[in-house]
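What follows is a short report on a single structure.
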Amino acid sequence: MKKYVLRTLAGIAFGITATHLLTVIVSICIGKGIYYPYYPVMERVYGNSLNATLVQLFSSALYGGVFGLSTFVFTKDNWSLVKQTLVHFVIITCTCLLSGWLSFWYPHRVSGVLIALGEYIVTYFIIWFCIYSSYKKSISKINEMTGECEK
């Protein structure tokens, strides 16, 4: 149980930190010397700046926490890699879409959701492929070393 809590808390910390860094980067890129902790429309939708900030914080914590916890899917040894990946993908995708919707990370239109979903799918599978390739390479090296030791 402790490992689940720790991984969730680490994910929450990562999600909040990543979102905060992104807001700083966006604020720098806009270049007006103003800090934008959330998309301006959030203040109108949620009533005031504190509520908008709290929703942004909650969305970031939710996404990070679920992301951290969902990595346990890959410890299910009785599941195939395809099943692990699909279950993880569905969990993370649903959480990403919910967090993104609440925080206005994409426009609230069908086209906005579809574009965000498309970008997310491409990003997810690029990252997945890179991790998979890295593990596959490591396993090949271990197998080669093991084969050399047996000779």
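Sequence positions, counted from 1, serve as the residue numbers for this chain. Atoms considered below: every heavy atom in the structure, side chains included; atoms not considered: hydrogens, waters and symmetry mates. The structure displayed is predicted, hence computed values, not measured ones.
Summarising the geometry of Ser27 relative to Tyr36, their closest heavy-atom pair is OG-N, 2.7 Å, with the distance given to 0.1 Å. Shortest non-hydrogen contact noted between Ala52 and Met42 is O-CE, 3.3 Å. For Ser59 against Ser99, the heavy-atom pair with the smallest separation is O-OG, 3.2 Å. Across all their heavy atoms, Leu98 and Leu62 have their closest contact at CD2-CD2, 3.8 Å.
Rounding to the nearest 0.5 angstrom, the gap separating the SG atom in Cys96 from the CD1 atom in Ile121 is 10.5 Å. To the nearest 0.5 angstrom, Arg7 atom CZ is 7.0 Å from Thr75 atom OG1. To the nearest 0.5 angstrom, Ile16 atom CD1 is 12.0 Å from Leu21 atom CG. Put simply, CD1 on Ile25 and CD1 on Ile30 are 12.5 Å apart, with the number rounded to the nearest 0.5 Å.
Side-chain contact check for Val122 versus Ile126: some heavy-atom pair is nearer than 4.5 Å. Under the 4.5 Å side-chain criterion, counting only non-hydrogen atoms from C-beta, Phe74 is in contact with Thr85. Under the 4.5 Å side-chain criterion, counting only non-hydrogen atoms from C-beta, Val73 is in contact with Gln84. Using a 4.5 Å heavy-atom cutoff, the side chains of Tyr4 and Leu69 are in contact. Counting heavy atoms from C-beta outward, Asn51 and Asn48 have side chains that approach closer than 4.5 Å. Counting heavy atoms from C-beta on, the side chains of Tyr63 and Phe58 never come closer than 4.5 Å. Gln56 is listed as a side-chain neighbour of Trp105, based on a closest heavy-atom distance under 4.5 Å. The side-chain heavy atoms of Ser49 and Tyr38, taken from C-beta on, include a pair separated by under 4.5 Å.
With hydrogens and angles left out, the side-chain atoms of Ser60 and Thr19 include a donor and acceptor closer than 3.5 Å.
Within the structure, ring-ring contact (aromatic ring centres under 6.0 Å, His included) contacts touching residues 127-146 (residues at least two apart or in different chains) are Trp128-Tyr132.
One hydrophobic cluster holds both Val41 and Trp101 under the rule that ILVMFWY side chains link at heavy-atom gaps under 4.5 Å. Residues Val87 and Leu81 share a hydrophobic cluster, clusters being chains of Ile/Leu/Val/Met/Phe/Trp/Tyr side chains in contact below 4.5 Å. Val26 and Tyr39 sit in two unconnected hydrophobic clusters of ILVMFWY residues. Membership requires side-chain heavy atoms under 4.5 Å apart, directly or through other members.
A side-chain donor-acceptor contact under 3.5 Å links Ser70 to the backbone of Phe67. Looking at Ser133, its side chain never comes within 3.5 Å of a backbone N or O of Cys130 through a donor-acceptor pair. Side chain of Thr23 to main chain of His20: a donor-acceptor pair is present (N/O by atom type, distance under 3.5 Å, no hydrogens or angles).
With sequence neighbours left out, the side chain to side chain donor-acceptor pair (under 3.5 Å) criterion links Tyr106 to no other residue. With sequence neighbours excluded, no residue satisfies side chain to side chain donor-acceptor pair (under 3.5 Å) with Thr8.
No option in Ile91, Thr95, Val90, Leu97 other than Leu97 meets the side chain to side chain contact (heavy atoms under 4.5 Å, CB included) test with Thr93.
Few gaps surround OH on Tyr120; more than 12 heavy atoms of other groups in view lie less than 6.0 Å from it. Other residues, nucleotides and ligands contribute over 12 non-hydrogen atoms within 6.0 Å of the CG atom of Asn78.
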Begin from the C-alpha positions of Thr53 and Tyr46 and carry the test side chain to side chain contact (heavy atoms under 4.5 Å, CB included) through to its verdict. CA-CA 9 Å; Thr53 300; Tyr46 296 118; over 6 Å; no
Go through Phe125 and Phe89 one step at a time and tell me if the ring pair (Phe, Tyr, Trp, His ring centres under 6.0 Å) criterion holds. CA-CA 9 Å; Phe125 283 102; Phe89 175 77; 5.3 Å; yes
For ring pair (Phe, Tyr, Trp, His ring centres under 6.0 Å), just list the numbers for His88 and Phe72, CA-CA rounded to whole Å, side-chain angles, deciding distance to a tenth of an Å, and then say yes or no. CA-CA 9 Å; His88 183 259; Phe72 281 106; over 10 Å; no
